[in-house]
K.L.:
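The structure follows.
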Amino acid sequence: MTSHTVTSEIGKGSARAFSKALLKDLQALEKMLENGLIESGVRRFGCEQEMFLVNRAWRPAPVAMEVLERLDGEGFTTELARFNLEMNVEPMILGGACLSTLQESIEELLDMAREAASEEGADVVLAGILPTLGKSDLTLDNISPMPRYYALNESLTRMRGRAYRLQIQGRDELQIEHDSVMLEACNCSCQVHLQVDSTEFAPMYNTAQAMTGPVLAAAVNSPVLFGKRLWAETRIALFRQSIDTRSTSVHLREFSTRVRFGDRWVKESVAELFQEDIAQFRVLLAQETVEDPFEQLAAGDIPRLQALQLHNGTVYRWNRPCYGISEGKPHLRIECRVLPSGPTVLDEVANAAFWIGLVLGTKHEYGDITERLSFDDAKYNFLTASRQGLDAGFRWVDGQSVTAPELILETLLPLARAGLEAYVDRSEIDKYLGVIHDRVQSRGTGSDWMMRSLSEMEDRGSRSERMTALTAAIANRQSERKPCHEWELAMLEEAGGWTRKYVKVEDYMTTQLFTVQEDELLEMVAFLMERNQIRHVPVEDEQNRLVGLVSYRSILRMASDMGNEGDKGTTPVKTIMERDPVCVTPETSTLEAIDMMRKNAVSCLPVLKGEKLVGLVTEADFMPIAYELLEKQLTDASTED
């Protein structure tokens with residue numbers, strides 16, 4: 001958790017002052033490391049649980065502030081968007097039945113969140129990316145009203161100097177632009193912390209890096225974004241691109257991204273990572289007043305290193321080094337940020353156990369992992385796991401090539417077991433590593449379940465219906481508290497009635513468009529209509545701005561007026577197009593769109609975002625709604641009779 005009392009309005013003087021405080025914090029940390037002031041011999045762990053709030057239509061519900069008020073603290077805090085919450089579980093000693101205690105603590109807090117959300121007409125869903133999220137949910141109206149988030153958006157937007165762009169290629173392809181940092185709000189994770197001694201930080205951190213790819217391959221849970229089937233863990237690409245502040249490279253100059261795996265192994269201490277981040281990344285947020293760490297040390301107090309912690313919170317390493325104070329003593333932690341939220345709490349704790357066990361148990365098998373695995377291969381494994389999940393093939397130690405399931409089942413699970421055995425009850429190890437074993441053996445990750453569910457639905461229903469059914473099924477299965485590899489596939493019927501599926505125009509608009517420009521041949525429009533069985537063709541300019549609309553009826557009228565006279569083959573589109581068609585936005589409600597069609601006597605509505613054409617809605621798109629309404633009325637009438 002990071003302080004919300006920050007500013008993005010960093011003048012040259014205040015930036016220099018904060019940078020001075022940042023360097024002083026780093027020097028103080030180095031002195032504490034040198035003098036052995038960092039706590040050792042204690043093995044704590046904990047987690048931060050992020051979640052989505054959804055309404056009764058299974059869409060994002062921007063009620064986080066109201067839910068937090070009902071919770072009155074209780075370990076919950078805001079996230080970037082009003083439809084997200086973060087829950088912090090108190091750190092605990094790694095030992096005995098601690099994993100079951102962690103699961104019980106998370107579930108107890110989640111039950112509290114669900115109860116508070118229900119009073120606001122909402123529910124809680126654990127997902128890496130919520131399937132029903134739409135781009136229209138990512139406006140600044142939905143940003144959490146905290147100074148830190150406004151400051152973050154202002155700083156990142158100013159530093160980028162251009163639109164936020166996503167380009168992700170999977171089974172489908174996603175290319176979009178956005179105007180704010182709210183793209184990052186699509187992500188929810190379950191972050192796991194492990195306390196380590198300062199003297200063991202480097203080998204432990206390097207091990208965590210090496211094991212990130214295999215652990216993620218077994219935990220992927222985010223294959224869908226805006227209805228597109230992308231990476232097995234799309235969060236990785238989404239987070240990296242949504243926080244990227246790099247401009248176009250000058251010639252071959254290299255710029256580092258703030259969301260990063262890293263570039264090299266750590267050689268000696270945690271200070272190397274902080275030094276690297278301070279050197280590579282400008283100050284993004286600042287605090288006006290920070291304590292002097294050397295004055296604190298001289299007085300026998302523990303410095304909070306406020307500037308260092310704030311800067312560290314704006315550099316998003318997938319394995320983040322953390323400094324903190326617990327029970328009056330300073331300590332170091334490794335924070336694993338790659339693990340997604342969900343599919344269930346049981347799955348999450350199993351993921352945490354697998355990661356912790358590997359960080360603790362790998363040294364006995366591999367010794368210094370950096371001597372047997374190149375950093376480039378560790379990074380490659382991470383990216384491959386992100387894209388392919390359990391279908392990934394890894395470059396492993398000593399030049400081996402191995403599949404993800406083979407490596408996890410035959411090598412890594414035994415190592416994780418060995419790492420946990422020195423701390424945790426055997427029954428705990430059997431339970432949670434057993435979940436990983438069965439999930440990998442059955443190829444039953446959350447991402448696999450979603451992709452199989454979508455394949456089972458095939459082309460039945462609209463994309464919005466399938467995403468709604470997927471989200472509803474996730475919520476329903478989570479309530480059963482069985483691990484995801486035992487889940488039944490989602491069914492289209494779980495989407496519910498039309499009011500759950502067709503809330504906004506973006507839920508059913510056509511996005512695969514056939515368009516022309518105004519100087520093209522009218523004959524080309526007729527060809528497109530006949531070839532693709534469509535009755536409306538938008539006319540746009542080179543910047544994808546709508547300039548007109550051609551309908552099948554207008555072509556028929558023109559053909560009738562011209563008869564057999566003249567050469568219709570050279571007629572340009574602009575002579576017949578409607579120049580100011582009635583338009584809607586993706587956020588327009590379904591009822592409003594229907595009303596606009598009726599009042600304006602039109603059968604098609606172009607959908608615009610700003611001036612850009614992003615979709616099309618026609619009378620035919622309303623047929624499923626009309627059918628379900630009529631069916632409901634007839635059912636209700638027969639029940640009354």
Side-chain angles (χ1 to χ4, degrees), residues 170-171 192 203-223 231-237 261-265 318-319 334 336 338-340 347 350-421 429 432-449 451-452 483-485:
R171 293 193 187 185
V192 182
M204 289 281 196
Y205 186 84
N206 290 335
T207 298
Q209 292 279 78
M211 298 301 154
T212 296
V215 170
L216 182 59
V220 288
N221 190 43
S222 312
W231 290 12
E233 192 54 41
T234 304
R235 285 175 46 257
I236 305 304
F261 184 80
D263 301 311
R264 59 187 64 85
W265 298 119
W318 290 112
N319 286 300
I334 301 172
C336 177
V338 303
L339 297 174
D347 286 302
N351 295 338
F354 189 33
W355 180 76
I356 292 171
L358 285 174
V359 173
L360 297 175
T362 302
K363 181 178 180 181
H364 302 293
E365 175 70 17
Y366 295 127
D368 184 353
I369 193 72
T370 67
E371 295 180 355
R372 302 183 63 181
L373 180 70
S374 75
F375 187 87
D376 286 346
D377 283 346
K379 192 171 186 176
Y380 168 86
N381 293 340
F382 163 63
L383 292 173
T384 300
S386 304
R387 292 188 177 98
Q388 300 179 14
L390 289 176
D391 290 329
F394 292 140
R395 301 170 182 168
W396 201 236
V397 297
D398 304 330
Q400 299 176 53
S401 294
V402 61
T403 67
E406 180 185 356
L407 178 65
I408 293 167
L409 294 173
E410 297 180 9
T411 303
L412 298 187
L413 278 172
L415 293 182
R417 175 175 290 275
L420 292 173
E421 281 178 343
I429 300 172
Y432 292 102
L433 293 189
V435 169
I436 300 296
H437 176 277
D438 293 347
R439 185 197 303 162
V440 173
Q441 191 171 60
S442 64
R443 307 296 287 267
T445 66
S447 287
D448 289 324
W449 176 83
M451 296 301 283
R452 289 199 307 270
C484 66
H485 64 270

K.L.:
Between I356 and Y432, does a side chain to side chain contact (heavy atoms under 4.5 Å, CB included) hold up when you go through it step by step?
P.N.:
CA-CA 12 Å; I356 292 171; Y432 292 102; over 6 Å; no
K.L.:
Taking C-beta and beyond as the side chain, do L216 and S386 meet within less than 4.5 Å on heavy atoms?
P.N.:
yes
K.L.:
If you define the side chain from C-beta out and look only at heavy atoms, does anything of D377 sit under 4.5 Å from F394?
P.N.:
no
K.L.:
Does a side-chain heavy-atom distance below 4.5 Å link Y366 with L373?
P.N.:
no
K.L.:
For the residue pair E233 / S222, report whether a side-chain donor-acceptor contact shorter than 3.5 Å exists.
P.N.:
yes
K.L.:
Report, as yes or no, whether the 6.0 Å neighbourhood of atom NZ on K379 holds more than 12 heavy atoms from other residues, nucleotides or ligands.
P.N.:
yes
K.L.:
Just verifying a value: how many Å separate E371 CD and D398 CG, rounded to the nearest 0.5 Å?
P.N.:
11.0 Å
K.L.:
Given side chains that start at C-beta, do those of I236 and F382 come closer than 4.5 Å, heavy atoms only?
P.N.:
yes
K.L.:
Taking atom CH2 of W396 and atom CG of L407, what is their separation to the nearest 0.5 Å?
P.N.:
5.0 Å
K.L.:
Judged by atom type as modelled, is there a donor-acceptor pair below 3.5 Å linking the side chain of R439 to the main-chain atoms of C484?
P.N.:
no
K.L.:
So, the side chain of E365 versus the backbone of T362: is there a donor-acceptor pair under 3.5 Å, distance only?
P.N.:
no
K.L.:
State, to 0.1 Å, how close A210 and I369 come at their nearest heavy-atom pair, and which atoms those are.
P.N.:
CB-CG1, 3.9 Å
K.L.:
Can L390 and I408 be said to form a side chain to side chain contact (heavy atoms under 4.5 Å, CB included), step by step?
P.N.:
CA-CA 10 Å; L390 289 176; I408 293 167; 4.1 Å; yes
K.L.:
Would you name the heavy atoms of G213 and A385 that are closest together and state the gap between them?
P.N.:
O-CB, 3.2 Å
K.L.:
Any chance you could lay out the side chain to side chain contact (heavy atoms under 4.5 Å, CB included) test for I334 and V192, step after step, and finish with the verdict?
P.N.:
CA-CA 8 Å; I334 301 172; V192 182; over 6 Å; no
K.L.:
Checking R395 against Y380: charged group under 6.0 Å from the ring centre and within 45 degrees of the axis?
P.N.:
yes
K.L.:
Could you check whether any side-chain heavy atom of V435 comes within less than 4.5 Å of a side-chain heavy atom of D347, counting everything from C-beta outward?
P.N.:
yes
K.L.:
Decide yes or no for V338 and V215: does some side-chain heavy atom of the first lie under 4.5 Å from some side-chain heavy atom of the second?
P.N.:
no
K.L.:
To the nearest 0.5 Å, what is the distance between OG1 on T384 and CG on D391?
P.N.:
11.5 Å
K.L.:
Mind checking the OG1-CH2 spacing from T212 to W318? Nearest 0.5 Å is all I need.
P.N.:
10.5 Å
K.L.:
Looking only at heavy atoms, which two atoms of A232 and S447 are closest? And how far apart?
P.N.:
O-OG, 2.5 Å
K.L.:
For F354 versus P214, what's the shortest heavy-atom pair and its separation?
P.N.:
CE2-O, 4.4 Å
K.L.:
Got a donor-acceptor contact below 3.5 angstrom from the Y205 side chain to the N319 backbone?
P.N.:
yes
K.L.:
Quick check: closest heavy atoms across A218 and V440, and the distance to 0.1 Å?
P.N.:
CB-CG2, 3.9 Å
K.L.:
If you round to the nearest 0.5 Å, how far is CD of E410 from OG1 of T403?
P.N.:
8.0 Å
K.L.:
Drop me the distance from N381's CG to M211's CE, to the nearest 0.5 angstrom.
P.N.:
10.0 Å
K.L.:
Look at the rings of W265 and F375 and say which category their plane angle falls in: under 30° parallel, 30 to 60° tilted, over 60° perpendicular.
P.N.:
perpendicular
K.L.:
Could you walk me through whether E406 and T411 pass the side chain to side chain contact (heavy atoms under 4.5 Å, CB included) test, one step at a time?
P.N.:
CA-CA 8 Å; E406 180 185 356; T411 303; over 6 Å; no
K.L.:
Taking the side chain from R443 and the backbone from D448, do they hold a donor-acceptor pair closer than 3.5 Å?
P.N.:
no
K.L.:
Mind listing the closest non-hydrogen atom pair of P340 and N221 along with its distance?
P.N.:
CG-CB, 3.7 Å
